[in-house]
Amino acid sequence: MCGIAGFLVAGGLDAAAEHRLGAMTGAIAHRGPDGAGCWLDPAEGIALGHRRLAIIDLSPAGHQPMPSASGRYMIAYNGEIYNHRALRERLERDGHAPVMRGHSDTEVLLACVDAWGLDATLAQLNGMFAFALWDRRERRLILARDRTGEKPLYYGQHGDTLLFGSELKALTAHPAFEKRIDRAALAAFMRLGYVPAPASIWAGIRKLPPAHVIEIAADDRSEPAPRCYWDLAAVAAAGVEAPAADTPALVDELEALLRDSVALRMEADVPLGGFLSGGVDSSLITALMQAQSTRPVRTFSIGFADGGYDESAHARAVAAHLATDHHEFILTAAEARAVLPQLPAIWDEPFADTSQIPTYLVSQLARAEVTVALTGDGGDELFAGYNRHTIGARIWRYSERLPMPLRRGMEATLSASLVDRLVHGLSRATGIGRDVAALTERMTKIGAVIGADDPAQVYARLVAKWPEDATPVLDAARGARSDIPSFDLQNAMLFMDMTTYLPDDILAKVDRAAMAVGLEGRIPFLDHRLIEFAWRVPLSAKIRDGRGKQIVRDLLYRYVPRSLIDRPKAGFGVPVGDWLVASLRPWAQALLDPARLRAEGLLDADAVAAIWDRFCRGERSLLPKLWCVLMFQAWLEHQGGAARAAPRDLAA
């Protein structure tokens, strides 16, 4: 696990190139605190930089950028190839294995490309990765990203320089970079709480989509087109059209696949542990880790002094049952709030998922003990774990039978501010704030589903922070509606989650939080063999009696008693809404100051002021909208004046 950065300059490199490359890799030193490396070919105009977090082969033999044994390729690579031992054995059987300097997966990756070529190698990789590969013979730069987007990779042409790197801060460190905000991307961020690929918040910079590769010739500065090397749409369609039979054998198959995935991800030359929330997914990953370990696995969880948000007792009970070496940190509100000033620097792009706070804190806790942590992410997207997959789909099936005028009226009623005020008053009166206050958001979402025109709008409304056709961004091009597969609604939502929400929210959250403290996060559910299996699993095995992830639960019950697991799904949250009207109020008011917003010229000051006023009066369902604005404003402040000067006609 590491960070990469570099550039390709038409006409060759000048004497300052190495200094510029050092500035880029220095900006992402947190991703690789164990070492730095750079390689330049001034005549060809290519510069590759690397920051190392040593996980496998801690010796100098794992140093990057690394040349292939043939000398044809040079690589800067971020990630882990979990099946590198099997690939090495295959190379040896086929007589293609060169004399290896060490036992790193980087060296195996290079040997595979040397022996089989790029496409055949990508098809064989089981892992998470983003890499920049320079082909000396063909004089071309190759950028590639793993199948699900666990590892980030940004790129873009600014002037005569093609920039690329693991995080945007590496690109902005190069003097060729121009800080111009993409208003269309900003509008998309306000709708979703993250900037969806392939866009980035900066004009002219793109995210390489998951499962894609891009090739840039040294002398060609035309816009390169990424190409797909693993087609999730085809995988999903094949599974939906010909699902497996819903039998107990499916649970056995899931166990074999997930057990092997966990075992592969437990290989490391450094201390390893796992995140344990006490929920279904993290408990199952922990159970499979412990079942394959000769000593207690180190597990980590975060709890909160606010009892309404504290789930640590559930993690503690599961840890006790599995006999793990459990580490727990109970946070005060002040400790959690202290993270806020760091968020813009950590996420480097506007990001508004409030669970980013506890995710960073549990990463920080784990890093004090281990360098690698396995997580339970991905289970919800693969096996229908969100309420939208169950409740949302059921409401749509019923509501689409009703006359549209009636549906519009129901939507208006459920979205009314009166409901918000009544629920907020009930919350304060009963003292069970979290559960009752959450009812507001649920009622608003129910209304949004009832009033939707079609399945695509159902999904868009369920995941939206701001309405899809209305954000506070000034002069932004209206976002195009996302295509949704012609599956049944539940499978279509699962596909959309896998291709949008998972890589751009969940995986971005985990990567930035973990790497900010030099921790490698590994995600067993995202083994591509498991993804392909999950699409063959029929909905009847995923959703039963109105509850999702049934097949995952059935497997977990083999390791953990039902009594420790069967409870309503809880989010990984913090009471941000309560903070905003109390201790964080001065911070929020400063960021939302109408005069400030007008001077910046990016957001509608009147619309934002109205949302803030309604929120302060008790409409807590407005928190997602408000948090998007606050996270953008905090990010903008972190960027400084150059970003604020973005012209108003910069709609991409």
Side-chain angles (χ1 to χ4, degrees), residues 189-194 302-311 331-341 343 347 350-361 387 414-448 462-467 472 505 509 568-592 607-635:
F189 163 74
M190 289 293 170
R191 289 195 304 272
L192 299 169
Y194 57 84
I302 288 285
F304 295 94
D306 182 337
Y309 285 79
D310 185 23
E311 300 287 333
L331 289 165
T332 65
E335 288 168 322
R337 289 194 301 267
V339 175
L340 286 174
L343 298 182
W347 271 270
F351 189 77
D353 183 335
T354 56
S355 65
Q356 64 198 112
I357 299 172
T359 302
Y360 170 74
L361 290 168
N387 286 336
L414 289 170
S415 300
S417 60
L418 174 62
V419 172
D420 217 331
R421 289 197 297 271
L422 287 173
V423 172
H424 180 59
L426 179 60
S427 170
R428 296 185 66 177
T430 58
I432 51 174
R434 183 185 188 188
D435 294 334
V436 177
L439 179 61
T440 305
E441 184 176 358
R442 294 193 191 107
M443 293 173 71
T444 303
K445 292 293 187 183
I446 289 170
L462 284 172
V463 300
K465 314 297 183 183
W466 287 80
D505 185 303
K509 176 183 67 179
K569 182 178 179 64
F572 196 26
V574 287
V576 170
D578 295 339
W579 299 346
L580 288 176
V581 294
S583 58
L584 290 181
R585 192 164 187 153
W587 171 78
Q589 286 179 323
L591 291 174
L592 304 177
V608 171
I611 291 291
W612 175 237
D613 180 66
R614 289 170 57 194
F615 181 82
C616 292
R617 291 174 182 271
E619 293 186 49
R620 292 298 185 263
S621 65
L622 297 174
L623 177 61
K625 292 183 175 67
L626 188 60
W627 194 247
C628 287
V629 176
L630 288 168
M631 286 295 94
F632 173 69
Q633 287 298 106
W635 174 85

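Heavy atoms only: backbone and side chains are in, while hydrogens, waters and symmetry mates are out.
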If you apply the rule side chain to side chain contact (heavy atoms under 4.5 Å, CB included), what do you find for L580 with L623, and how did you get there? CA-CA 9 Å; L580 288 176; L623 177 61; 3.7 Å; yes

Please determine whether side chain to side chain contact (heavy atoms under 4.5 Å, CB included) holds for the pair V581 and F615, giving the CA-CA distance in whole Å, both sets of side-chain angles, and the decisive distance to 0.1 Å. CA-CA 8 Å; V581 294; F615 181 82; 3.7 Å; yes

Quick one: do T332 and E335 satisfy side chain to side chain contact (heavy atoms under 4.5 Å, CB included)? Show the steps, please. CA-CA 5 Å; T332 65; E335 288 168 322; 3.3 Å; yes

Heavy-atom closest pair, residues [X] and [Y]:
X	Y	value
L192	K465	O-CE, 3.3 Å
I302	P358	CG1-O, 4.3 Å
F632	M190	CB-CE, 3.8 Å
F189	C628	CE2-O, 3.2 Å
L361	A336	CD1-CA, 4.1 Å
K625	P467	CE-CD, 3.9 Å

Between W579 (side chain) and L584 (backbone), is there a donor-acceptor pair under 3.5 Å? no

Does any N or O in the side chain of Q356 come within less than 3.5 Å of the main-chain N or O of K509, such that one atom is a donor and the other an acceptor?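 Judged by distance alone, no pair lies under 3.5 Å.
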
Are side-chain heavy atoms of Q589 and W612 found at a separation under 4.5 Å?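 Yes, close enough: below the 4.5 Å cut-off.
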
Non-hydrogen side-chain atoms of W347 and D353 separated by less than 4.5 Å: no

Rounded to the nearest 0.5 Å, how far apart are [atom1] of [X] and [atom2] of [Y]?
X	Y	atom1	atom2	value
D505	S355	CG	OG	7.0 Å
R614	R620	CZ	CZ	12.5 Å
Q633	W587	CD	CH2	10.0 Å
F351	L343	CZ	CG	10.0 Å
I357	L331	CD1	CG	10.5 Å
I611	L626	CD1	CG	8.0 Å

Assess the residue pair W635 and L630 against the criterion (side chain to side chain contact (heavy atoms under 4.5 Å, CB included)); give the C-alpha distance rounded to whole Å, side-chain angles, the decisive distance to 0.1 Å, and a yes or no. CA-CA 8 Å; W635 174 85; L630 288 168; over 6 Å; no

